[in-house]
Amino acid sequence: MRNSIKRALALVLALGMILSFGACGKQAESTNTPADAPKATEGPKENETANGAATEAEKEYALGSWVVADDPASISGTVRFWIPFKGSQGMDDMIAAFNAIYPNITVELNTYNNNTDGNMQVNTAIMMGEVDVLASFGLHQTHSRWENDLFVDLTDYIEKYNIDMVKEWGTDAYAYDGTFYSFPCGGLTYFIAVNMNAWNEAGLGELPTEWTWDEYLAASAAMTKKNDDGTIAVYGGSDNGSIEYSSYPWYQVYGENYVYSLDGNESNFTDPLIINSLKREIKAEQEDQIWFPLLTYRDNKVNQQDVYVVGTVASVVSNNLLRFLRDTENYPTDFTTGFAPYPVEEKGQDNHMAGVSCFSHAGITIGCQDEEAAWAFLAWYSTYGAGYLPIAGHAPTWKGTDASNLLSLIFGSEEEAAKIIDVDSFKRVLYNYEAPSYVDTNTYATSEVVALLKEYIMEAHRGNMSVEDAMATAKELADEEIKKAME
């Protein structure tokens, strides 16, 4: 059951915002295909898709034809854009590209922390009328903002410009009560980053194009090195420092909702896939000592990039390591990084972690002061502008993205990239828009359910409970939260 009191309060505050900022609610001018889109995100030419010649059906729909106004110079104003990325992480370049088309719109970049405190500050800023366009990270945060009316309803725009969500971003799953309040324009691509010196020294041959967790464990064992006193000098692998990663094989196998059962009515915490994955992680870290321990990540407050670039770990499951590898001043390496796909449970399975999956959503907030300018920027950021997300380690989900240019965008050129990474495996593994991906559609008590999962995963890692008991307890508590949310 939705929190009706919270929703009612949000509605009252939202009404006050709308009355205060009377400029909101305006419609942008009609749009056409941009004549000079930036190279990072060049859209398809007329009658052509991002992958080549269009079918007859596709010719009837012009991808991205709605994005840029007929006379962009006639639109002026200020857009306060909030996103967890800094200007140096692609956002300055993205805004500059936007201003090359919209010279009279000023975009003020505000970088926030994508954590509990940071998101609370964002919500407060929205209610105070300090945010125009927000890039909202994670479905549970975004859903909460839909539910509490912090985003403007985009129906009028979608209908006016005949925007097809599936053709533009590949899915129409991210609606709230049948209404779209944001565009699902930011994604993640998962991979295993590999120190090629360690890989080659272990005699492991070519990087795999497909492999299982057992094969990754074997490679991790081969790359692990011990000191003379028996302590670990180099851990061969790592399942990242994010607590919930042990549950991500659910995404790989089923392609949806990593904390819910397949029918969506309860949590999946006692499913054999979840149990066995957590056991595998704990065994690799604490018994076999071939993976860098989650407990060390959490207790010492270190991150994947901290231990990877200095060679403490030889490989790591990641989705954003590129952000740090390109920053050679702060994260220099004396080896090149190769890329292997996210492992599968069994050979031959579909791998829904191999593609680009949605992670972030962008919309106009109820605190918007100039909706015409905000819509112009939202339309740009959600399509062409999202092409700059790889600089920050994320990925665009827009179907008009030119994936062939992302390598040069991130590293400056293929030649510069080759000094840092293995280019062939990058092209093979990352930003694979043809591969299967996952989608999150269930949001019943998501925040509470994920928090319980993390709490009891840590209980199992610390040895306070067996894996079975920890997950059974988490499931009992999570199912109560889901039941309450469904009432």
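All figures in this text were calculated on a predicted structure; none of them were measured in a lab.
- A donor-acceptor contact shorter than 3.5 Å links the side chain of D271 to the backbone of L273.
- When side chains are defined from C-beta on, H140 does not count as touching V450, because their heavy atoms never get closer than 4.5 Å.
- Looking at Y102 and P72, their side chains come closer than 4.5 Å, going by heavy atoms from C-beta outward.
- Here the closest heavy-atom approach between residue P249 and residue S246 is recorded as CD-O, 3.3 Å.
- Taking CG of N303 as the reference point, atom OG of S242 lies at 8.5 Å (rounded to 0.5 Å).
- Without hydrogens or angle criteria, N351 side chain to P343 main chain gives no donor-acceptor distance under 3.5 Å.
- Aromatic pair Y157/W375: centroids less than 6.0 angstrom apart.
- Contacts classified as salt bridge (charged side-chain N to carboxylate O under 4.0 Å, His left out) and involving residues 407-423 (residues at least two apart or in different chains) are given here: E414-K427, E416-K419.
- Salt bridge status for K484 with E487: absent, with no side-chain N to carboxylate O gap under 4.0 Å.
- When each of Q305, H394, Q304 is checked for a side chain to side chain donor-acceptor pair (under 3.5 Å) with N320, only Q304 meets the rule.
- In this structure, the separation between CG on L325 and OH on Y308 is 6.5 Å, given to the nearest 0.5 Å.
- Counting only distance, with no hydrogens or angles, the side chain of N257 and the backbone of T441 share a donor-acceptor pair below 3.5 Å.
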Exercise for review: Determine, stepwise, if the pair L188 / S357 fulfils side-chain contact (heavy atoms from CB on, under 4.5 Å).
Suggested key: CA-CA 5 Å; L188 295 172; S357 300; 5.8 Å; no
Exercise for review: Assess whether side-chain contact (heavy atoms from CB on, under 4.5 Å) is satisfied between V122 and R145, documenting all intermediate values.
Suggested key: CA-CA 10 Å; V122 169; R145 289 167 180 142; 3.8 Å; yes
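- N265 and S261 get closest at one heavy-atom pair: N-OG, 3.6 Å.
- Between the side chain of T111 and the backbone N or O of F85 there is at least one donor-acceptor pair closer than 3.5 Å.
- Side-chain contact between E256 and L262 is present, with at least one heavy-atom pair separated by less than 4.5 Å.
- Donor-acceptor pairing under 3.5 Å is recorded for the side chains of S238 and Y297.
- A donor-acceptor pair shorter than 3.5 Å can be found between the side chains of D440 and Y251.
- Y260 and T446 share a donor-acceptor pair across their side chains, judged by distance under 3.5 Å alone.
- Screening N300, L294, V302 for a side chain to side chain contact (heavy atoms under 4.5 Å, CB included) with R298, the sole residue that qualifies is L294.
- Between the side chain of R326 and the backbone N or O of I420 there is no donor-acceptor pair closer than 3.5 Å.
- Between F151 and H361, the ring centre distance reaches or exceeds 6.0 Å.
- For Q252 and Q349, the side-chain atoms include at least one donor-acceptor pair closer than 3.5 Å.
- Taking OG1 from T397 and CZ from F183, the interatomic distance works out to 11.0 Å, rounded to the nearest 0.5 Å.
- Under the side-chain contact (heavy atoms from CB on, under 4.5 Å) criterion, T155 pairs with D153, E159, T179, sequence neighbours left out.
- Taking every heavy atom of both residues into account, K399 and L63 meet most closely at C-CD2, 3.7 Å.
- Using a distance-only test at 3.5 Å, with no hydrogens or angles considered, a donor-acceptor pair links the side chain of T383 to the main chain of W380.
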Check your understanding: Can you list the steps and then say if Y248 with Y190 is a ring pair (Phe, Tyr, Trp, His ring centres under 6.0 Å)?
Key -> CA-CA 10 Å; Y248 280 12; Y190 286 84; 5.8 Å; yes
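- The OG atom of S437 sits 11.5 Å away from the CG atom of D350 when rounded to the nearest 0.5 Å.
- Between Y258 and L453 the shortest side-chain heavy-atom distance falls below 4.5 Å.
- Residue F191 is tested with Y342, Y431, F339 for a ring-ring contact (aromatic ring centres under 6.0 Å, His included); the sole match is F339.
- Of the N and O atoms on the side chains of N330 and D327, at least one donor lies less than 3.5 Å from an acceptor on the other residue.
- Annotation: the span from E281 atom CD to I457 atom CD1 amounts to 7.0 Å, rounded to 0.5 Å.
- Checked against ring-ring contact (aromatic ring centres under 6.0 Å, His included), F81 has the following partners two or more places apart in sequence or in another chain: F377, Y381.
- With 3.5 Å as the limit, one finds no donor-acceptor pair spanning the side chains of N432 and T189.
- For F359 and F137, the ring centers are positioned less than 6.0 Å apart.
- Residues T78 and D370 have side chains not in contact (no heavy-atom distance under 4.5 Å, counting atoms from C-beta outward).
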Exercise for review: List the steps, then state whether side-chain contact (heavy atoms from CB on, under 4.5 Å) holds for L109 with D92.
Suggested key: CA-CA 8 Å; L109 178 66; D92 285 345; 4.2 Å; yes
Exercise for review: Start with the C-alpha distance between L407 and I421, add both sets of side-chain angles, then the distance that settles side-chain contact (heavy atoms from CB on, under 4.5 Å), and finish with yes or no.
Suggested key: CA-CA 10 Å; L407 181 67; I421 65 168; 3.7 Å; yes
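- Donor-acceptor pairing under 3.5 Å is recorded for the side chains of Y61 and E168.
- A 4.5 Å side-chain heavy-atom check between Y174 and S182 finds every atom pair outside the cut-off.
- Here the closest heavy-atom approach between residue S315 and residue I192 is recorded as CB-CG2, 4.0 Å.
- The main-chain N or O of E108 is found under 3.5 Å from a side-chain atom of N110 such that the two form a donor-acceptor pair.
- Ring geometry, Y254 versus W250: the interplanar angle falls from 30° to 60°, so the pair is classed tilted.
- V259 is not listed as a side-chain neighbour of S247, based on a closest heavy-atom distance of 4.5 Å or more.
- Judged by distance alone, with hydrogens and angles left aside, the side-chain atoms of N104 form no donor-acceptor pair with the main-chain N or O of I75 at under 3.5 Å.
- Within a 6.0 Å sphere centred on OH of Y438, heavy atoms belonging to other residues, nucleotides or ligands number more than 12.
- Within the 4.5 Å cutoff, the side chain of V309 has no heavy atoms near those of the F324 side chain.
- Here the straight-line distance linking atom NZ of K475 with atom OH of Y456 works out to 14.5 Å at 0.5 Å rounding.
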